[in-house]
Structures are given as C-alpha cells and as structure tokens.
Undergrad: 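Before we start, here is the structure in question, set down as structure tokens.
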Amino acid sequence: MRAENRFTLFLIPSRGAHVTEPDVLVIGGGPAGLSAAVEAARAGLAVELVEQRETIGGAIYRQPIPGANPMPQAAAAKARWNTLSRAFAESRVATRHASVFLGVEADGLVLVDDRRSGRVACLRPKAVVLATGAVETVHPRPGWHLAGVSTVGGLQVMMKERGRAPQGRVLLAGNGPLLIAAAAQMARLGNPPIAVVEAGDPLRRVCGGARMLRFPGLLREAGRYLIDMRRSRVPWLRGTRLAGIEREGEAFSILLEDARGTRRLKADRVALHDGIRPNDFGLPPDHRGAAPGPLVLRAGDCREALGVLAAEADGRRAGRLVAQHLSGKAKDVAEAERVIARNRGAQATLAELFAPLPGTMPFEDLPDHTVLCRCEGKTVGDLRALCSRPDRLTGREVKHNGRFAMGSCQGRFCAANTAALMARMHPAAPPPVPEDLTGRRWPARPVSIGSLVQAASQDNEMTDEVHK
Amino acid sequence: MKRATFSWLGRDVPFLEGESIASALDAAGLVSFGPGMVAGDTRYFCGIGACQGCLVRVNGVVREACLAPASAQSLVEPLDHDAGGKPLHTFPHPVAGGTRD
C-alpha cells in the first residue's frame with residue numbers, strides 16, 4: 001500500500017461487538033454488484049449490498065418511478081434485467097439504500113455514509129466487492145460547464161427515471177454509440193433531438209464495420225437506433241465537432257465545425273458524451289494478501305469499462321473469487337472470463353469504428369477561457385500559465401499550485417482532461433496520468449466532517465466500554 | 001388528487017413518489033439550481049452522484065439533487081443559501097473528500 005493510503009480515522013482500532021459484520025459487502029447495485037452479490041450469497045456467505053439510490057439497477061437499468069412510462073427498450077435488455085433482478089430478490093441479500101461507500105481505513109474498517117440517518121456506518125466484512133461503475137468522459141469545450149448542459153448519460157438516466165424525454169430543442173454531441181442510443185430513446189418518447197453531432201464517421205470505417213459482423217447483437221442494436229433516428233429525421237452529423245456553446249437569451253448558440261467549415265445551431269439544451277472510463281476515484285487497490293483488512297476486489301466498469309454484459313460477467317467472477325477465497329474451495333471463473341474477453345473485443349471494434357476524424361480531435365485550439373475544472377473554476381488559460389514556467393510541474397504540483405482536480409468531484413471530470421492537456425504542452429516529457437493529479441485515497445466521495453467525527457467518537461466510546 | 005410538493009425559493013414544486021429532486025426541478029423547467037459553484041450555477045449534469053454539480057440544501061443538509069429523493073414539505077434551497085436565505089461564504093460546504101493533501 002502506498003503511504004497516502006495509510007490514513008487512520010480512529011486512534012484506537014475498534015474491535016467492539018457493535019460493528020456489523022457481514023461476510024461480504026458489495027458496493028453498488030448495478031449489474032456487476034448485483035451479480036457479485038448473487039454469486040457470493042449462492043456460496044452460502046452473508047452478503048450486504050450498499051447502494052446510493054433508493055432503487056437498484058445502476059445507471060444502465062435505472063428503474064422508472066412508480067406510475068412513469070417505462071422507456072421502450074430492447075427485449076433482450078428487459079429479459080436480462082428480469083433474470084438478474086429476480087435472482088437478486090431470491091438471494092435475500094440485505095440492501096443498504098441511500099448509502100455511499102467512503103473507503104477502507106487503515107485498520108480495515110469499511111466506512112459507509114448513510115444518507116437517511118446522516119451517520120457514517122463502520123463495517124468489518126471479510127471481503128469487499130467494489131462495483132462503482134463508470135463515469136462519462138466529457139472533453140472540455142467552451143461553455144460545457146453552463147447550466148442546461150449535461151452528460152448524455154445524465155440525460156438518459158433522467159429519461160429512464162421519469163419516462164419522459166427532455167423538453168425543448170435538445171442537441172446531443174460528442175463521440176460514440178451512446179449518442180445514437182439516447183437519440184433513438186428520445187425519439188421513442190416523443191421529442192427527438194435536433195441533431196446528433198459525432199466526431200467519428202462509422203459509415204466510412206470499412207474495416208471496423210467488417211469486424212462488427214462478429215458481434216451481430218451489437219449490429220442489430222445499432223441498426224434499430226439508426227432506423228428510429230431516420231424515422232424522426234434526426235440528422236447524424238458525422239465527422240463534426242462541437243466547438244463551443246454560448247448563452248443567447250434563454251437558448252444556446254452552438255458552434256459546429258467540420259471539414260467544410262463552421263456553422264451555428266440554436267438549442268435549448270445540450271448533452272455531451274465522449275466515452276466512459278472506470279469510476280475508480282478514491283477506491284482502495286485490490287487486496288488479496290495476508291495483511292489485515294478485508295479482501296478487496298473490483299468488478300465491472302470500475303475495473304475495466306466494457307459495458308453491461310461484461311459487467312454482469314465480471315460480477316459473477318468477483319463473487320466466485322470471494323467465495324473461493326473465504327471457503328478455500330476452487331470456483332470456476334473461466335466462463336465469466338470468456339464473456340469479458342469477448343466484450344473487450346466488441347468495445348475495441350466499436351472504438352475503431354467511432355474513431356474521431358482528423359479535425360475533430362479534442363484539446364485542439366481550445367480558447368484560454370475554456371473551463372477545465374468546474375468545481376474550482378480553473379481554465380485552460382490557467383493551466384497554460386502554470387505549465388509555461390521553465391521548471392516543469394508534475395501532476396501533483398499542478399493540483400497543489402493550480403487547484404486542478406482539487407474540488408468536490410475529486411477530479412472525476414477534470415483530472416484526465418488536465419493530464420491530456422499537460423501532455424500536449426510537453427510532448428517530450430513522460431505523459432502524466434490522471435492519478436498523478438488526484439492521488440488515491442479515501443474518502444471516495446465527499447462526506448460531512450460532522451458525520452465522520454460522530455462515527456469516530458462513537459467508535460472510541462464503544463471501544464472504551466469494551467476495554468472496561 | 002393533489003400532487004405532493006416541496007418548496008424551492010418560495011415556489012411549490014410538484015413531484016412524483018420516488019422521483020429525485022433533480023428530476024422534479026427539471027420537470028418544473030428549472031435548469032439552474034442557483035449559485036453555488038466557482039465556475040457557475042449548480043445544475044444537473046452526470047445523474048449518478050459523481051460530478052457534485054447539482055448540490056442543493058435539503059432542510060439545510062447538502063445533498064446531490066440527482067440522488068436525493070424528493071419528499072413532501074421539505075425545504076430545498078440553492079447551495080449558497082442557509083435556511084434563512086442569506087448567502088454563505090463561497091466554499092460550498094465543510095467536507096472531507098476534496099482530494100487536497
């Protein structure tokens with residue numbers, strides 16, 4: 001473990017009977033977490049699941065609220081959710097809803113922020129499966145930070161929750177297949193986007209297209225999205241970059257660039273998406289050694305962002321590995337690993353197919369006023385000023401001196417962009433990685449100091465009683 | 001039947017049972033969630049509790065609007081207001097979890 005992980009909350013390590021002790025604590029109620037919980041419970045282990053929302057399903061299977069129209073979705077996806085949610089219900093795994101995982105402190109206590117009670121729960125499981133999913137990549141563009149601009153995934157989960165398309169003129173922009181999926185879903189809910197702006201041009205990538213034939217399920221899905229878009233006459237502006245968003249009265253004026261030049265569109269809302277990456281910020285590293293503290297395993301998109309099918313398989317894998325570790329009996333994970341490998345191939349093919357065209361690349365010609373770090377209000381110009389000094393700054397120094405990746409999103413939306421821009425400014429130097437900026441330590445999410453102090457003092461009181 | 005509401009800046013915002021605060025504000029046509037962040041207003045962005053861009057005060061407690069379920073009679077306010085509506089200092093709220101060392 002690196003030094004910065006040795007961060008102890010309590011002076012006296014607690015061994016009190018008040019500490020709840022499930023065998024396995026699973027963090028996250030998406031496909032990876034649910035399938036990990038089901039597998040571990042099948043092996044006879046006492047499992048608890050920690051979920052930040054009041055419902056399970058994660059972003060991909062976000063459930064409609066009672067009375068809302070379920071968003072029309074493919075039969076295969078519906079069947080997968082039915083199977084998984086039934087298996088989870090039958091496993092009788094207890095779920096801590098409205099609870100947020102904070103971290104594993106140096107003595108091995110797992111801290112969970114219970115938002116209903118406002119208290120931090122301290123747990124001492126034998127194993128922890130981290131299944132915190134993915135976060136979307138959003139490249140910096142002038143105006144991306146304005147109210148009325150969201151991620152495409154954010155727009156999509158709200159549609160799933162409420163069964164209603166976002167209102168007004170909506171523009172989707174960025175890169176990748178999620179854009180056409182969201183466009184088709186908006187069309188089915190009655191308000192198609194005014195256009196989909198795509199940096200790549202999958203229709204021109206013949207080799208990638210040929211490789212897609214190996215994944216007929218994905219091809220069928222993409223075909224359905226494109227048919228729905230065509231029916232609603234949604235333009236798919238490929239090889240195009242959204243170069244800026246400006247407020248104009250109540251609406252946005254949006255600057256688009258492609259090989260032929262620039263033009264402007266008006267929209268009421270914009271949703272951006274440039275891919276996904278693991279939501280592994282502040283997570284403890286995998287830990288399977290003999291050292292004290294629980295076994296820690298990652299599963300699903302937070303280990304490797306490969307989408308829902310791989311996530312469910314990876315959850316099975318993690319659940320079985322935990323059972324193997326705790327019971328000493330060998331478990332078969334070959335099937336799960338085959339599914340993961342196949343989906344790794346599918347994602348690589350999709351990435352090739354959607355590769356941005358030259359001239360649409362992110363980070364090129366960004367004006368100085370472009371916001372990079374929204375939490376701290378730091379711009380591309382601020383970073384350029386910091387990095388133009390004769391003594392080259394490390395990622396850590398850029399954070400400490402410039403406040404990049406220092407705010408409450410903990411670098412989830414700026415650390416990778418800042419590192420990429422730093423690499424462009426100093427092409428000869430070894431490129432910084434996002435973790436150089438963020439560091440790696442708990443809490444994995446902001447928590448009120450009051451709740452932490454309460455947990456600490458409560459813990460010490462109980463420990464004192466035990467010692468009497 | 002009368003819909004349940006919560007209070008937002010003197011306005012009653014209706015919501016459906018189980019709906020998040022962010023979804024209810026959005027359905028009411030509210031895009032900005034008021035002052036609160038250095039680079040601009042708080043607002044809905046990622047929908048999964050990751051970006052911390054939609055923080056509001058729910059009965060005085062800072063919560064992500066995209067995660068917190070709407071509840072009847074609760075008082076929901078922009079981040080930069082305390083219960084009396086007077087502006088607070090600019091740092092959003094006392095937290096551990098900025099990644100500063």
Side-chain angles (χ1 to χ4, degrees), chain A residues 4 52-55 59 65-68 98 100 102 115 118 133 135-136 145-151 153-158 161-162 164 166-167 269 279 282 371 373-378 399-400 405-413 437-439 441 443-450 452, chain B residues 1 3 15-20 22-55 58-71 78-79 90-101:
Chain A
E4 60 186 301
Q52 63 177 352
R53 308 191 74 84
E54 298 290 345
T55 52
I65 54 176
V100 170
L102 299 177
R115 299 289 184 79
V135 285
E136 291 174 271
H145 62 286
L146 296 169
V149 181
S150 73
T151 69
L155 186 131
Q156 196 185 32
V157 289
M158 201 181 263
E161 178 179 330
R162 181 81 184 215
R164 192 183 76 120
Q167 303 298 293
R269 280 161 185 258
N279 180 19
V371 169
C373 159
R374 193 178 193 275
C375 302
E376 297 284 333
K378 296 297 165 190
K399 171 185 170 183
H400 287 207
M406 210 188 244
S408 48
C409 89
Q410 300 173 290
R412 284 175 172 88
F413 286 89
L437 286 130
T438 60
R441 55 188 241 183
R445 291 273 291 277
V447 55
S448 96
I449 287 169
L452 267 186
Chain B
M1 197 181 76
R3 290 258 300 275
F15 65 91
L16 301 170
E17 182 63 35
E19 185 171 21
S20 65
S23 171
L25 290 174
D26 181 89
L30 295 158
V31 171
S32 163
F33 298 171
M37 299 189 80
V38 183
D41 290 359
T42 49
R43 54 41 170 139
Y44 181 79
F45 188 66
C46 77
I48 55 169
C51 75
Q52 303 289 303
C54 68
L55 296 179
V58 185
N59 299 323
V61 180
V62 175
R63 289 285 181 249
E64 298 96 342
C66 73
L67 295 182
S71 62
L79 196 55
T90 49
F91 190 68
H93 54 126
V95 290
T99 56
R100 73 204 71 195
D101 290 336

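Because the structure is a prediction, the values reported are computed rather than measured. Reminder, nothing fancy here: chain letters follow the sequence lines and each chain counts from 1.
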Undergrad: So, does A:Glu54 use its side chain to make a donor-acceptor pair with the main chain of B:Pro69 at under 3.5 Å?
TA: no
Undergrad: Using a 4.5 angstrom heavy-atom cutoff, name the option from B:Leu67, B:Leu16, B:Val31 with the most pairs to chain A.
TA: B:Leu67
Undergrad: Does the A:Arg445 side chain pair with the main chain of B:Gly49, one donor and one acceptor, at a distance under 3.5 Å?
TA: yes
Undergrad: When only pairs under 4.5 Å are counted, which of A:Ser150, A:Gly282, A:Pro166 shares the most heavy-atom pairs with chain B?
TA: A:Ser150
Undergrad: Quick one: does A:Gln52's side chain have a donor or acceptor within less than 3.5 Å of a partner on B:Ile48's backbone?
TA: yes
Undergrad: Based on non-hydrogen pairs under 4.5 Å, which of B:Ser32, B:Cys54, B:Gly18, B:Ala50 is most in contact with chain A?
TA: B:Ala50
Undergrad: How far does SG of B:Cys66 sit from CZ of A:Arg53, to the nearest 0.5 angstrom?
TA: 6.0 Å
Undergrad: In terms of heavy-atom pairs under 4.5 Å, which option from A:His145, A:Met158, A:Glu136, A:Arg412 contacts chain B the most?
TA: A:Met158
Undergrad: I'd like to know if the side chain of A:Arg162 reaches the main chain of B:Asp26, judged simply by a donor and an acceptor atom lying under 3.5 Å from each other, with no hydrogens or angles considered.
TA: no
Undergrad: Would you name the heavy atoms of A:Pro66 and B:Glu17 that are closest together and state the gap between them?
TA: CD-O, 3.5 Å
Undergrad: For A:Leu155, is it the side chain, the backbone, both or neither that has a heavy atom under 4.5 Å from a heavy atom of chain B?
TA: backbone
Undergrad: If you count heavy-atom pairs under 4.5 Å between each of A:Arg374, A:Arg164, A:Gln167 and chain B, which one has the most?
TA: A:Arg374
Undergrad: Side chain, backbone, both or neither: which part of B:Ala68 has a heavy atom under 4.5 Å from chain A?
TA: neither
Undergrad: Drop me the distance from A:Leu146's CG to B:Phe45's CZ, to the nearest 0.5 angstrom.
TA: 10.5 Å
